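In what follows, a structure is listed as structure tokens, so that the remarks can point back to it.
Predicted model, so just to flag it, every value in this text is computed and none were measured.
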Amino acid sequence: MQFSDKFKSGYVALVGQPNVGKSTLLNALLGTKLAIISPKPQTTRHRILGVLTGEDYQIVFLDTPGLIKPQYELQSVMVKAARVAITDADVIVLMTEAGKSPAEADLEILEQLKSTGKPILLAINKIDLIYKDLLLPLIDAYSQIHEFLDIIPISALELDGLDELKRSLREALPEHPPYYPEDYLTEHSERFFVSEIIREKIFYLYGEEIPYSTTVEIVEFKEKTGKKDYIQAAIYVERDSQRAMLIGKKGLALKRVGQLAREEIEQLLNRPVYLDLWVKVREKWRRDPAAVKHFGYSTNLPK
Ligand SMILES: Nc1nc2c(ncn2[C@@H]2O[C@H](COP(=O)(O)OP(=O)(O)OP(=O)(O)O)[C@@H](O)[C@H]2O)c(=O)[nH]1
Ligand SMILES: [Mg+2]
């Protein structure tokens with residue numbers, strides 16, 4: 001492809017409170033599932049990179065963990081990862097959930113973002129859930145608070161408003177040659193995606209305690225010609241009681257995790273897989289900086 005002088009390219013960070021739909025938006029924009037999603041807050045723990053290349057632009061999206069006040073080491077690292085994405089970004093997308101009025105937590109995040117001096121686009125998500133009459137007063141309220149690059153109501157779930165969002169972002173990007181080849185999608189490895197898929201199933205299948213105490217480590221990943229691939233993953237929890245809960249009576253709960261994860265991993269890899277799940281205990285790993293680092297949480301992009 002020949003790139004004209006007018007080619008635009010840059011980094012766009014998707015930031016906001018947990019659970020507002022950042023990862024859903026990343027996947028919707030790229031038309032493929034890169035980031036895991038769940039109805040529970042704090043699903044995303046890393047910044048996830050996804051590249052969208054158009055005719056005359058390339059947007060490098062950085063999905064980020066939700067911005068919160070950290071209470072333990074894992075959360076600190078998650079918030080730091082979001083901050084690094086904000087530092088790397090040419091344009092910031094602040095994502096909020098549509099409601100009656102701007103939420104206090106969103107305004108606090110906006111204050112932090114304003115100090116970067118970078119252009120901020122406000123994406124008001126989940127408009128499929130509200131009465132349309134609420135939208136104009138909400139946009140009006142936000143526009144009085146800050147001079148946003150743009151304010152775009154969207155539904156990441158129903159793919160509403162995404163063209164407008166892309167157009168607006170393209171406008172705001174600097175003229176720059178593409179950072180990545182045109183067919184490039186992401187930097188993360190298959191191993192990383194496999195561990196995330198397992199984590200996602202745990203977020204869906206268990207209550208409040210287990211998902212947050214869990215991390216997944218890929219122990220072995222062997223491609224076997226003519227046979228199923230062999231993937232062994234260790235799921236770490238913080239206590240014996242959680243281990244028992246995760247496994248369930250006669251191992252049925254863990255079996256369900258394995259089934260759902262395997263189906264999606266096979267779709268991702270496009271080949272049959274034998275998924276071998278083990279559950280282990282590493283006490284209070286979320287509070288232990290060495291363990292958090294060991295399990296791959298850092299401000300860098302996960303490989
Ligand atoms: N109704 C509706 N639900 C949505 C929309 N976008 C996302 N959701 C739902 O909101 C929940 C959270 O979505 P995520 O994409 O995981 O949110 P997130 O901002 O990445 O959350 P964290 O990673 O925890 O910070 C999921 O249940 C999504 O299905 C939307 O436009 N409309
Ligand atoms: Mg997310």
Side-chain angles (χ1 to χ4, degrees), residues 23 26-27 32-38 40 42-50 62-65 73-75 77-78 81 184-206 210-239 242-243 245-248 251 253-286 288-303:
S23 301
L26 178 81
N27 295 346
T32 185
K33 183 171 167 184
L34 275 190
I36 61 166
I37 289 167
S38 93
K40 295 190 173 73
Q42 297 176 52
T43 304
T44 304
R45 290 178 179 170
H46 304 269
R47 74 190 158 129
I48 312 281
L49 181 144
L62 297 170
D63 179 23
T64 64
E73 177 65 13
L74 174 64
Q75 289 183 332
V77 174
M78 285 161 59
Y184 194 87
L185 181 63
T186 190
E187 288 202 342
H188 316 292
S189 65
E190 284 181 343
R191 268 178 113 94
F192 171 70
F193 287 120
V194 166
S195 68
E196 286 286 272
I197 289 169
I198 298 167
R199 213 164 58 74
E200 183 186 67
K201 302 313 165 206
I202 295 168
F203 263 74
Y204 271 99
L205 292 172
Y206 296 86
I210 300 283
Y212 296 106
S213 311
T214 297
T215 192
V216 176
E217 189 174 58
I218 305 300
V219 181
E220 219 177 306
F221 195 139
K222 263 199 212 133
E223 282 186 41
K224 294 189 171 176
T225 31
K227 274 204 240 159
K228 287 183 179 183
D229 283 9
Y230 175 76
I231 300 175
Q232 190 189 120
I235 303 172
Y236 283 86
V237 287
E238 294 194 304
R239 289 199 304 269
Q242 293 169 342
R243 183 172 183 276
M245 265 194 274
L246 191 62
I247 294 172
L254 185 64
K255 201 169 164 194
R256 187 85 186 118
V257 173
Q259 240 168 19
L260 292 176
R262 179 182 51 77
E263 283 166 16
E264 199 173 317
I265 292 164
E266 288 182 339
Q267 269 178 23
L268 171 83
L269 303 177
N270 211 7
R271 49 185 193 260
V273 160
Y274 182 83
L275 181 63
D276 194 7
L277 296 180
W278 293 76
V279 183
K280 299 187 174 182
V281 177
R282 173 104 180 222
E283 274 182 31
K284 297 187 181 160
W285 70 265
R286 283 182 294 174
D288 172 2
V292 166
K293 194 166 170 214
H294 168 84
F295 287 130
Y297 298 102
S298 77
T299 53
N300 292 322
L301 294 168
K303 295 291 182 199

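Remark: the backbone N or O of Val273 is paired with a side-chain donor or acceptor of Glu266 at under 3.5 angstrom. For the pair Gln42 (side chain) and Pro65 (backbone), a donor-acceptor distance under 3.5 Å is absent. A distance-only check finds a donor-acceptor pair linking the side chain of Thr186 to the backbone of Leu49 [under 3.5 Å]. Asn27 places a side-chain N or O within donor-acceptor distance of the main-chain N or O of Ala35, the cut-off being under 3.5 Å. Arg45 places no side-chain N or O within donor-acceptor distance of the main-chain N or O of Met78, the cut-off being under 3.5 Å.
Between Trp285 and Phe295, the distance separating the two ring centers is shorter than 6.0 angstrom.
Scored by the salt bridge (charged side-chain N to carboxylate O under 4.0 Å, His left out) test, Arg271 finds Glu190, Glu223, Asp229 as partners (sequence neighbours excluded).
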_side-chain hydrogen bond (donor to acceptor under 3.5 Å, both in side chains) between Tyr297 and Thr215, intermediate numbers included_ = CA-CA 10 Å; Tyr297 298 102; Thr215 192; 2.7 Å; yes
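For Glu217 and Arg282, the salt-bridge test fails: no basic side-chain N is under 4.0 Å from an acidic carboxylate O.
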Show me the donor-acceptor pairs, under 3.5 Å and distance only, between side chains in residues 253-260 and residues at least two apart or in other chains.
from	atom 1	to	atom 2	distance (Å)
Arg256	NH1	Gln259	OE1	3.1

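The CG atom of Leu275 sits 10.5 Å away from atom NZ of Lys228, with the distance rounded to the nearest 0.5 Å.
Put simply, the side chain of Leu269 reaches to within 4.5 Å of the side chain of Phe221, judged on heavy atoms.
The environment of Glu263 atom CD is dense: over 12 non-hydrogen atoms of other residues, nucleotides or ligands sit within 6.0 angstrom.
Evaluated for a side-chain hydrogen bond (donor to acceptor under 3.5 Å, both in side chains) with Glu238, the options Arg243, Lys284, Arg286 yield exactly one hit, Arg286.
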